[in-house]
S.K.: 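Supplied in structure tokens, the structure appears directly below.
Throughout, residue positions are numbered sequentially from 1 according to the sequence presented. Whatever order the structure lists ligands and atoms in, that order sets their numbers, starting from 1.
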Amino acid sequence: MRREENNGVLYYRFHNLAACGEIVHGVFTRLGGVSRPPYHGLNVGKSVGDDQKAVDANYDLICRTLGIHRGDIATAYQVHSANVAVVGPEDRGQVALQTDALVTNSPGVFLMLRFADCVPIAFYDPIQRAIGLAHAGWKGTLAKAAQKTVEAMMEAYGSRPADLIACIGPSIGLCCYQIGGNVVKLVNEVFPHQPQLLHQQGDGSRHFDLWEANRLQLAALGVHQIEVSGLCTACHNDEFFSHRADNGRTGRFAVVMGLNLGRIEQR
Ligand SMILES: [Zn+2]
């Protein structure tokens with residue numbers, strides 16, 4: 001990913017999306033915001049216990065960094081589901097309930113979701129000019145949230161998987177993602193022929209490779225342009241909020257993405 005900084009706000013951009021002039025996007029970090037510990041600093045989670053004024057100020061900082069209006073953001077109340085909402089101009093400023101993925105083909109509608117270890121997956125179809133953004137922790141990954149986002153783009157916009165540019169963002173890596181026996185069982189049920197997704201550690205515990213589980217899910221659909229950031233949020237909880245590394249009391253970082261067909265270059 002490309003590391004960018006604007007007035008102290010640190011964010012990343014995917015190489016493959018940054019190369020598309022019509023995509024405005026940012027994977028934000030915890031650096032550059034005004035929230036106080038344990039939500040320091042650029043927290044956009046409204047239901048984690050942070051001061052709402054600080055969260056609002058952080059939203060404004062993010063919008064200023066990307067040069068967008070807050071009222072143009074369409075977001076979701078995320079519940080670790082695989083529900084996808086198709087959104088348009090009428091959804092600007094709205095929150096889709098019980099939803100973990102958003103798709104649109106409307107320029108000027110900015111999709112935004114919040115993360116702290118779960119996997120952000122961004123999609124762009126440069127042929128049909130449509131985008132998607134998904135949130136997938138272990139529940140969303142096993143419920144096939146990434147697959148369902150691609151299927152929603154196919155159905156709503158006629159997208160072909162082979163045309164899609166997919167990007168798997170900063171989230172908890174295999175290095176840090178120990179899971180319990182109940183989740184191990186579920187992973188084996190959903191991915192029966194993929195033992196490489198679970199790594200046994202020296203102490204007998206198992207780690208789950210969320211990045212590879214999502215990459216495989218997309219490859220099986222025929223998506224072959226897949227960028228994996230390789231950034232682990234738990235290893236890098238100085239830069240990212242990490243539910244695991246911060247022991248559950250932490251903020252959420254934002255991923256924002258929109259089509260801006262009138263804009264040749266972002267900056
Ligand atoms: Zn790690």
S.K.: Measure across V87 and Y157 and return the closest heavy-atom pair with its distance rounded to 0.1 Å.
M.R.: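 The pair with the smallest heavy-atom distance is O-OH, 4.2 Å.
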
S.K.: If the cut-off is 2.8 Å, does any N/O/S atom of H236 fall short of it from the Zn ion (ligand 1)?
M.R.: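 It does not: H236 brings no N, O or S atom closer than 2.8 Å to the Zn ion (ligand 1).
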
S.K.: Taking the Zn ion (ligand 1) as the vertex, measure the angle between atom SG in C232 and atom SG in C175; round to 10°.
M.R.: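 Answer comes to 110°, rounded to 10°.
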
S.K.: Assign the ring pair F253 / F241 to parallel, tilted or perpendicular, where the plane angle (0 to 90°) is split at 30° and 60°.
M.R.: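 Parallel, since the angle between the ring planes stays under 30°.
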
S.K.: Is the Y12 to F240 ring centre distance short of 6.0 Å?
M.R.: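 When the ring centroids of Y12 and F240 are compared, they turn out to be within the sub-6.0 Å range.
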
S.K.: Could you tell me how the ring of F191 sits relative to the ring of F208: parallel (under 30°), tilted (30 to 60°) or perpendicular (over 60°)?
M.R.: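 The arrangement is tilted - the two ring planes meet at 30° to 60°.
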
S.K.: Mind reading off the angle at the Zn ion (ligand 1) between the SG atom of C176 and the SG atom of C235, rounded to 10°?
M.R.: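 Here the angle at the metal atom is close to 100°, to 10°.
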
